Amino acid sequence: MRSNVKGWCPGALRPMEAGDGLIVRLRPRASRLSAAQALALADLAESHGSGEIELGNRASLQLRGVRREALSGLHRALDDLGLLDADAATEARRNILTTPIAKDAETLGLSAALEAALAEELDLPAKFGFAVDTGARAILGGASADIRLERAAKGLIVRADGMALGEHVSATAAIGRAMDLARWFHEHSDGHRRMASLVAAGSKPPLNAALAPLQGEPLRPGNTEWGCCVALPFGRLAAGTLRALAVASLRLTPWRSVLVEAAVPPSPDWIVDPADPALRVSACPGKPACGSATVATRELALQLAPHLTRSMSLHVSGCAKGCAHPRPADITLTGRAGRFELIRDGCADDPPALTGLSIDEIYALLRGPLAPPL
Ligand code: SF4
């Protein structure tokens, strides 16, 4: 079968241009980094890029501000760390999210076996992905994946995203059935690019689906039985922060957090309090990092965070694309021509309630009679 990854998704071998240089996105194997890999990445982020690192919503990690002339040296160093694929197509296919709450040989073995199976050429859309969610409970249901390996009361299941039930499988048969399902999608996608969309359109994946996953909750910041879950505001961390967290192996999550397999002291650079209002604000890099932005975003979002009531969410977006939070928020501030639009209960591109707001006017609104319910 000819290799042909449709669409485009940035990676280490296909970095993306941004206003502050190249973005080099990594997908650590099994969504984990050893302490030595994390320390080396912190050094590489500084020596080859701006030193800024971001966590992605599929447990990816990206180095920002990489200089084009530094790219080949960075590739060599990543290869030495075991963090580079053979080619861009293999890298794009290796779209696997592995649960942070398992370190059992079975879960890590399934993740490695799936990675090996995906090294075979297979036509799948760029964002098509897999979740190995086989800890004691399935906690990745809200994260992006099309084919899920999960734990049910009676053992493992393979489940197609969009279906409530999965097929009971043995550990030895699990990867084969997951790949059967991927091939079925390839042959029957009929223009759909995601499994849930195909299922919603009425297609029935060929699974003997009879078992529901044991559902668990996403990890919240704080101490857990697996280590300390540390959230990073906006999923952003400086190289020095990564270095400080690399006291043990790290498990990356899809929730802008890292599970450190050790105790972690408090720091203004990270969040371990699940009630911290900064956890309820989203903001893209904004100006000047993104060429589409006409406003700075993250500083404003952090300044507004203490004004949020306990359950309220805020999204500050550099433009109407809304990359950081492609879902409704209670309040969204969208940049347009150097000012802000205010949208209530909507996405960044929804019709605004207020337009042309300066930052001073946003602060005045917070105190005045027109105050949005922040
Ligand atoms: S939302 Fe707009 S400004 Fe923000 S990162 Fe996306 S494209 Fe750039």
Side-chain angles (χ1 to χ4, degrees), residues 7-12 14-27 45 49-68 126-127 129 143-144 193-194 231-238 254-257 278-305 308 313-359 361-362 372 374:
W8 192 84
C9 222
R14 287 201 294 186
M16 183 167 69
E17 289 276 4
D20 56 345
L22 296 175
I23 295 174
V24 172
R25 183 179 294 173
L26 309 174
R27 289 176 179 155
S50 64
E52 187 175 333
I53 300 163
E54 290 176 334
L55 303 173
N57 61 6
R58 292 189 185 194
S60 63
L61 179 151
Q62 58 193 29
L63 311 185
R64 291 199 72 103
V66 173
R67 300 181 305 282
R68 187 163 284 284
K127 293 189 186 303
S144 176
R193 302 185 72 74
R194 302 302 303 264
L232 286 308
F234 313 123
R236 181 183 56 175
L237 64 166
W255 309 296
R256 301 187 298 191
S257 62
L279 293 171
R280 284 179 279 116
V281 301
S282 307
C284 69
K287 187 181 175 183
C290 178
S292 299
T294 60
V295 293
T297 49
R298 287 179 165 168
E299 192 181 337
L300 176 63
L302 282 180
Q303 286 171 350
L304 294 178
L308 299 175
S313 59
L314 168 71
H315 176 200
V316 183
S317 185
C319 77
K321 197 170 171 191
C323 298
H325 190 78
R327 295 176 296 284
D330 293 319
I331 295 290
T332 300
L333 296 169
T334 300
R336 186 179 295 278
R339 290 184 168 247
F340 288 91
E341 297 177 337
L342 188 151
I343 297 133
R344 289 188 169 111
D345 298 320
C347 298
D349 60 350
D350 279 337
L354 297 168
T355 61
L357 298 173
S358 67
I359 288 178
E361 286 169 326
I362 291 169
L374 283 169

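Side-chain atoms are counted along with the backbone in the values below, which use heavy atoms only and exclude waters and symmetry mates. Keep in mind that this is a model prediction, so the values were computed, not measured. Indexing begins at 1, ligand by ligand and atom by atom, following the structure's order.
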Within less than 2.8 Å, report the number of protein N/O/S atoms around atom 8 (Fe) of ligand 1. 1
In chain order, what residues pass the salt bridge (Lys or Arg N to Asp or Glu O under 4.0 Å) check against R194, with sequence neighbours excluded? D146
Kindly check if the number of other-residue, nucleotide or ligand heavy atoms within 6.0 Å of CD (Q303) is above 12? yes
Go through the structure and list residues passing salt bridge (Lys or Arg N to Asp or Glu O under 4.0 Å) with D330, not counting sequence neighbours. none
Need the ligand 1 atom indices (1-based, order shown) with element for anything under 4.0 Å from a heavy-atom of S317. 1 (S)
Listed by chain and number, what are the side-chain contact (heavy atoms from CB on, under 4.5 Å) partners of D349, not counting sequence neighbours? A320, C347
Side chains of S50 and R64: donor-acceptor distance under 3.5 Å anywhere? no
So does G346 get a backbone contact from the side chain of T332, meaning a donor-acceptor N/O pair under 3.5 Å? yes
